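Here the structure comes first, spelled out in structure tokens, and everything after it is commentary.
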Amino acid sequence: MLNNVQIAQIFLNIADLLEIKGENKFKFLSYRRAGEVLADLPRDLQAYANDNTLEDISGVGKAIAEKIRELLATGKLGFYERLIEEVPETLVDIMRVNGVGAKKAKLFWEQLKISTLVGLEESAKAGKLRHLEGMGEKSEQKILDGIASLKRQTGRMPLGKAKPIAEAVLNRLLALPQAEEGALAGSIRRGKTTIGDVDILIASDHPIPVMQAFVETVGVARILGHGESKSSVEMQNGLQIDVRVVPKSRWGTALQYFTGSKDHNVKLRALALEKGYSLNEFAFSPVDANGNILEDAPKVTFDSEEGVYAFLGLPHIAPELREDSGEIESALKNTLPVLITQSDIHADLHMHTTWSDGTLSVKEMALQALQRRHEWIVITDHSRSLGVANGLSIERLREQAHEVRQANEELAGKIRVLHGTEMDIKADGTLDYPDDVLAELDFVIASLHVSLSQPRAQITERLINAIRNPHVDMIGHPSARYIPDRDPVDADWDAVFAEAQKNGVALEINSNPRRLDLDAPFARRAVALGIPLAINTDAHSPAMMDDLPYGILTARRGWVEAKHVLNTWSWDAFSAWLTARK
DNA sequence: GCCGTTTTCGGCCCGACTGTTTTCAGTCG
């Protein structure tokens, strides 16, 4: 059976092929939008189909819902098969080359019978492209550069890797005397799990020297564009960075605009039009009844984002929510969530020590946690079957209890240290410690680490079996994905969530930027179902304790409030929750 | 093809940069 991502990809391909065909713009845009939405759903499309709620998905109407049903039922789509007989499917690869869009793809295909990336590269090398209308030597070279770049690319970069690079570039630009203000915008500011390219915004009345400094930044491999107020570069590690410079007086509209997402902005502009204004990155411009800008009328500008939203009659919408997934409707009704912030967290329920594969002792971890103002932590080393991580035998687990007790005595009044485990859910579905051992612990995490490619039924059964054990308090990194190398496990998440809801078992949002698991759409679903969450670092070293901001970003993207998260609660509330579970 | 607190029909965002042009189309975000 096709999964959501595969079905989404088919719609994205349809969009590209329809665009090449010259089909109505809004038609192919609808397919593209559907593709983008489907890739990010928190449930299987089959589940929506079963509930008859496919058309409740934003961007999915009657026609696309019908196509999804056909794909689910047969694994094929007649419409798509007929389309790729007309337009070669491989043209979508050509459109991935920087500088090649639908029109160029069509041109190469019709004039030179080029339908593959290899064919495009050969023709460009042979100097055949330059003679086509609208093409020249420079465009031909640009295409060759684009193909080379595509070959280097390893896909989107994890947030945790891209963000520090982006911040370093931003700080260099902010050090320039001409730069008045600067910020990361785009998907990094929204906290997306993976980053396609980096957007940086600088406020300055002297953009040219800022642009010059940017394209000369250390680590730049290639300059993709270099204008007065906008430039793009490709870094040596393949990351693309775009910088825009705007005057300080327009900072608010510009930061809003360049933070996106595209769909969020489209909705905001529609809202602006209802109020008689056209909104762009510079200002609100009054329009006439036909939507034409009144050139003589004064434009409205804002130096803060709050001003932009207020002008539209909205409270400020946090960047993490700006995905057009209901945030504007919610803002209009004044029912936006009060999103969790890092300062709400005062505990960490998942951390490792030298007892298994961590780098510090129990007390040393506790001292590190204390430095980060935590009130309590849970030591959760690996369990016995995870040999590669030096998992604890029952005997060693009991010895560790003594060390935890000792740390508590030494740190009394400063921080509480709880004794827990990150216990493996074994391949056969059984748990790694017997119930009587689990009963001795303060907090029990159950996690998947092995046999992650099992079929759906088996993975689901393992998770559900763990949730049903009365001693299990939380499922750690539930999908076990590892970005970008390992996909999430294939499970019936509807069933898993239902079981967690029934048993009051918490689900983790793991802050490790390679995990970020639960992902935001799943976190949002957990909130809707009233399943408690915990945002933990899974720290194996003190440095990893500082990954917490990534977990917070993910939670905020999932509309999570502090009250939904166990480690924001007071000690009394948390211990009462634990006691009630025992 | 989708969508609706004006609408079930008639809208659907818009500017910078590039390379090719002699005034603009294509691409991108």
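Order of the sequence lines sets the chain letters (A, B, ...), proteins ahead of strands, with each chain counted from 1. Only a predicted model underlies this, so the values are computations on that prediction, with no experimental measurement involved.
- Within the 4.0 angstrom heavy-atom criterion, only backbone atoms of the sugar-phosphate kind lie near A:Val97; the bases stay farther away.
- Between the P atoms of B:dG15 and B:dC9, the separation comes to 32 Å (whole Å).
- Taking atom P in both B:dG29 and B:dT23, the straight-line distance is 29 Å, to the nearest Å.
- The residue A:Arg33 sits apart from the nucleic acid: no heavy atom pair falls under 4.0 Å.
- For A:Asn24, the listed nucleotide lying nearest its side chain is B:dG1; candidates were B:dG1, B:dT6, B:dC14.
- Under 4.0 angstrom from either OP1 or OP2 of B:dT20 there lies at least one side-chain N or O belonging to A:Ser139.
- As judged by a 4.0 angstrom heavy-atom cut-off over every strand, A:Lys142 is placed among residues making no nucleic acid contact.
- No contact: A:Glu133 has no heavy atom under 4.0 Å from any strand.
- No salt bridge links A:Asp547 with A:Arg515; every basic N to acidic carboxylate O contact stays at or beyond 4.0 Å.
- Taking the C1' atoms as reference points, B:dT18 lies 27 Å from B:dC12, given to the whole Å.
- Heavy atoms of A:Asp199 sit under 4.0 angstrom from primed sugar atoms or phosphate atoms, though from no base atom.
- In terms of polar N and O atoms assigned as donor or acceptor, the side chain of A:Tyr257 comes within less than 3.5 Å of the base of B:dG29 in a complementary pairing.
- Residue A:Phe282 is classed as a sugar-phosphate contact, given heavy-atom separations below 4.0 Å to backbone atoms only.
- Under the 3.5 Å distance criterion, the side-chain polar atoms of A:Arg481 are left unmatched by any main-chain donor or acceptor of A:Asp517.
- Residue contacts for A:Lys25: at a heavy-atom cut-off of 4.0 Å it reaches no nucleic acid atom on any strand shown.
- Under 4.0 Å is where a charged nitrogen must lie from a carboxylate oxygen, and between A:Glu323 and A:Arg557 at least one such pair does.
- Counting heavy atoms from C-beta outward, A:Leu268 and A:Tyr309 have side chains that approach closer than 4.5 Å.
- Residue A:Asn280 has no polar side-chain atom (N or O) positioned under 4.0 Å from OP1 or OP2 of B:dC13.
- Within 4.0 Å (heavy atoms only), A:Ala270 reaches no atom of the nucleic acid at all.
- Using a cutoff of 4.0 Å between basic side-chain nitrogens and carboxylate oxygens, A:Lys125 and A:Glu122 are not scored as salt-bridged.
- Taking atom C1' on both B:dG19 and B:dT7, the two are 42 Å apart, rounded to the nearest angstrom.
- The side chain of A:Lys103 contributes an N or O atom lying less than 4.0 Å from OP1 or OP2 of B:dG26.
- Nucleotides B:dT20 and B:dC24 are separated by 9 Å at their C1' atoms, to the nearest Å.
- Nucleotide B:dC9 forms a pair with B:dG4, judged by Watson-Crick or G-U wobble geometry with both contacts under 3.5 Å.
- In this entry the distance linking NZ of A:Lys104 with P of B:dT27 reads 5 Å, nearest Å.
- Among the atoms of the strands shown, none is found under 4.0 Å from any heavy atom of A:Phe28.
- Across B:dT6 and B:dG1, the matching C1' atoms stand 22 Å from one another, rounded to whole Å.
- Residue contacts for A:Ser229: at a heavy-atom cut-off of 4.0 Å it reaches the sugar-phosphate backbone alone, with no base atom in range.
- For A:Glu327 and A:Arg190, the salt-bridge test fails: no basic side-chain N is under 4.0 Å from an acidic carboxylate O.
- Taking the nucleotide of DNA chain B with the nearest heavy atom to each of A:Ser58 and A:Glu140, the more 5' of the two is matched to A:Ser58.
- As judged by a 4.0 angstrom heavy-atom cut-off over every strand, A:Phe79 is placed among residues making no nucleic acid contact.
- When the nearest nucleotides of DNA chain B are assigned to A:Glu329 and A:Glu137 by heavy-atom distance, the more 5′-ward of the two goes with A:Glu329.
- At a threshold of 4.0 angstrom between heavy atoms, the contacts of A:Ser231 with the nucleic acid are absent.
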